[in-house]
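Encoded as structure tokens, the structure appears first; notes follow it.
It should be emphasised that the depicted structure is a prediction, and the values quoted were computed from it without experimental measurement. Sequence lines set the chain letters: A, B, ... in the order given, protein chains first and strands last, and positions in each chain run from 1.
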2 protein chains.
Amino acid sequence: MSKKATIYDIAKELNITAATVSRALNNNPKISEKTRNLVLATATKLNYKQNRLALALKSGKSKNVGVVVPFINKNFFASVIRGIEDELYPKGFHVIISQTYEDRNREKKIIQNLLNAQVDGILLSTSFTEQNKDEFKETVKKSTPFILFDRVLRFNEISTVTIDDYQGGFVATEHLIAQGCKKIAHFDVDQSIELYQHRFKGYKDALAKHNIPFRKEYVISLQSNMEAGKDAAKTLMNLPEPPDAIFSSTDNGLLGAVKYLQSKSIRIPEDLSVVGFSNEPFTQFMEPSISSVDQSPLEMGKMAAKVFLEQIENDSNEKVQSNVVLPAKLIVRKSSSKT
Amino acid sequence: MSKKATIYDIAKELNITAATVSRALNNNPKISEKTRNLVLATATKLNYKQNRLALALKSGKSKNVGVVVPFINKNFFASVIRGIEDELYPKGFHVIISQTYEDRNREKKIIQNLLNAQVDGILLSTSFTEQNKDEFKETVKKSTPFILFDRVLRFNEISTVTIDDYQGGFVATEHLIAQGCKKIAHFDVDQSIELYQHRFKGYKDALAKHNIPFRKEYVISLQSNMEAGKDAAKTLMNLPEPPDAIFSSTDNGLLGAVKYLQSKSIRIPEDLSVVGFSNEPFTQFMEPSISSVDQSPLEMGKMAAKVFLEQIENDSNEKVQSNVVLPAKLIVRKSSSKT
DNA sequence: TTGTACGCGTTATCAC
DNA sequence: GTGATAACGCGTACAA
């Protein structure tokens, strides 16, 4: 049995037509019980499997959705994808995953490929920023449903799923203030990305609310990795008046800072308290465990998937746009618990 | 522009036939420069995108490969997938990911779905065990290339990519012995899975080589999670003669044990040394950092992809079977460094 | 250099 | 209840 069996093979075997076989296989009511059973029997006998490609070509629905993220081997994105799959798989959808490595050109190419593959929709966390908004718009067009999550750009008719980054930044900072910290630094990544803007603004507003002056020298922009975090911590601690707390927009950047501080025998949280963002798994196993803002990646994935399903079910060409914002939840651990 | 443009639309626009358009688009040499340019121009003008579904149906190659793993939000599997994608993406393949949650029935269904979707191959880390080998064989048949990695079952004509688990277990244990440990316990998971068999055998043989008696009570089978690890450590420490080292076949199980030991003020590595398996990211950030055997997930993914490519390039129906074994590499950290 | 005709596997729309 | 035929979008022998 080299070649794959088709409905024609079954038809030939039974001396009937392919159409009848198709009907039998699809539980069409207008078919005699006898033929149906006959067809079913020979189908298993021939090890017949429906060719979804042909079905897709005919129906215009591939039952595939593309998921595009910067990196797949980051816990946050892996979990989002899991959420998406959990939601979509029971509905018969398959998920095609691609990663952009934060390369815009690669992202463009990926989107093209996915569109060529006739996916029924694309869920993505984009690497485009406010500056390239037009370029992004150009590649997206709008023949296929697009759902943006986490790293989003806002357009009419494009749905988004995010967490409340502003709230996350605000609560994290207010928590540090409640712990008695007065000189709170902030690790930023890139203000041309909306979510970092929001986290930063939450930080700033929390300071203002509690009448703590904002200090420009306490804000550092850095890549989200250990090395950059070390350098940033060093810079901060060499300030005439070093901070007594850090609220970081990423866990990975904070990790480097913590390692640096520990190497300098600066105690956490006694001398300096820290709160990160993302609730990466390592934050809870470190010593001290690191407080962090949880982004509920599983829920984000599920929600993105639900928004997509909504979109395609409403198959009229009405624009169904949703902008879901999930709550951000601060997880307090040792790194910011002085009491 | 609601409907997607086809080559027919382009043809109509230019008063030529679809065949000519197809040729122009595919850089067929026998076409006039003029028509080619005309076609290309109207193609972009109409926002034409090739329908890969139609192409796939015609050619019998979907350019999709299925990747099936137990869980996607484990660093090991996420990294393997990344390796696969890195290798396959430049060749124009897309990766369809599914997770089995270690549920055999789900895995069967997933494989069926993938086959229906006409994937060009399936790369999987199976949840089937030696006991269900026949059942697995049944679902696989062999119309489509299957590559097994990490968790494998061995058959004729099915390629596998694994690391040298035996070597990993052996080296890890010998390292503990070199540190002066004499009472070395082992965390096993499931002996019906080949890789755990191998790790266990490596452990056993290392003991034998150094004339250390094997003690049955030092071997505990447990699920790969924190809770189980805690319980296992408790059991071990309540033994009349508790061990002075643990070699665990999983990092996650070991994590729970470490937490338990620390809660009992048992010092690591002074009182008890530990080595895990998988080199999960958290092992290097913990205090103390945890020694672990690295599985080179990226390389494993790349290798699995390469074996797949080899398989389909050799499009003769010759059986090209490879059984690649990658080296296991012990990463020594504080948890097993007494000196 | 370009057009014609066909097939990939399926389902839907007519007929009978 | 079943058969015949067209259509989905594409590439490609075979003609012209």
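The distance between atom CG of A:L46 and atom C1' of C:dG9, rounded to the nearest whole Å, is 15 Å. Rounded to a whole Å, the CG atom of A:N28 is 15 Å from the P atom of C:dC14. Atom CG in A:L57 sits about 9 Å away from atom C1' in C:dC8, given to the nearest Å. Distance A:K49 NZ to C:dC8 C1': 19 Å, rounded to the nearest Å. Atom CD of A:Q118 and atom P of D:dC8 are 14 Å apart (whole Å). Rounded to whole Å, atom P of C:dG3 lies 14 Å from atom CD1 of B:I10. We find that NZ of B:K12 is positioned 13 Å from P of D:dC10, with the value rounded to whole Å. Rounding to whole angstrom units, CD1 of residue B:I16 and P of C:dT4 are separated by 12 Å.
When distances are taken from the side chain of A:T6 to each of C:dT11, C:dG9, D:dG9, the shortest belongs to C:dG9. Closest to the side chain of B:T35, out of C:dT1, D:dG1, C:dT13, is C:dT1. Of the candidates D:dC14, D:dC8, C:dT11, the closest approach to any side-chain atom of A:L55 belongs to C:dT11. Residue B:N51 has its side chain nearest to D:dC10 when only C:dA5, D:dT2, D:dC10 are considered.
Contact between the side-chain N/O atoms of A:S59 and the OP1/OP2 oxygens of C:dT11 is not found at any separation under 4.0 Å. Residue B:S22 places at least one side-chain N or O closer than 4.0 Å to OP1 or OP2 of D:dG11. The side chain of B:Y8 contributes no N or O atom lying less than 4.0 Å from OP1 or OP2 of D:dG11. A close approach under 4.0 Å does occur between a side-chain nitrogen or oxygen of A:Q50 and OP1 or OP2 of C:dT11. Between C:dG3 and B:T20, a contact under 4.0 Å exists linking OP1 or OP2 to a side-chain N or O. Contact annotation: B:N26 side-chain N/O to D:dG11 OP1/OP2 distance is under 4.0 Å.
If you check every strand for non-hydrogen atoms under 4.0 Å, B:L53 touches nothing.
Between A:I31 and B:I7, the residue anchored closer to the 5' end of DNA chain D is A:I31, taking for each the nucleotide with the nearest heavy atom. Where B:A54 and B:S32 each meet DNA chain C at their nearest nucleotide, the meeting point lying more 5' is that of B:S32. DNA chain C is contacted by both A:K58 and B:A18; B:A18 maps to the nucleotide lying nearer its 5′ end (nearest heavy atom per residue).
B:E194 and B:R154 are joined by a salt bridge, as a carboxylate oxygen and a charged side-chain nitrogen come within less than 4.0 angstrom of each other. Taking a cutoff of 4.0 Å between a charged side-chain nitrogen and a carboxylate oxygen, A:E299 and A:K306 do not qualify as a salt bridge. At a threshold of 4.0 Å, the pair A:E138-A:K108 does not count as salt-bridged, since none of the basic side-chain nitrogens sits closer than that to a carboxylate oxygen.
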Q | Derivation and outcome, ring pair (Phe, Tyr, Trp, His ring centres under 6.0 Å), residues B:F146 and B:F155 | A | CA-CA 11 Å; B:F146 272 78; B:F155 298 99; over 10 Å; no

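A side-chain donor-acceptor contact under 3.5 Å links B:N37 to the backbone of B:E33. A donor-acceptor pair under 3.5 Å links the side-chain atoms of A:S62 to the main chain of A:Q118, judged by distance alone.
Residue A:R52 places no side-chain atom within donor-acceptor reach of the base of C:dG9, judged by atom type and a 3.5 Å distance cut-off alone.
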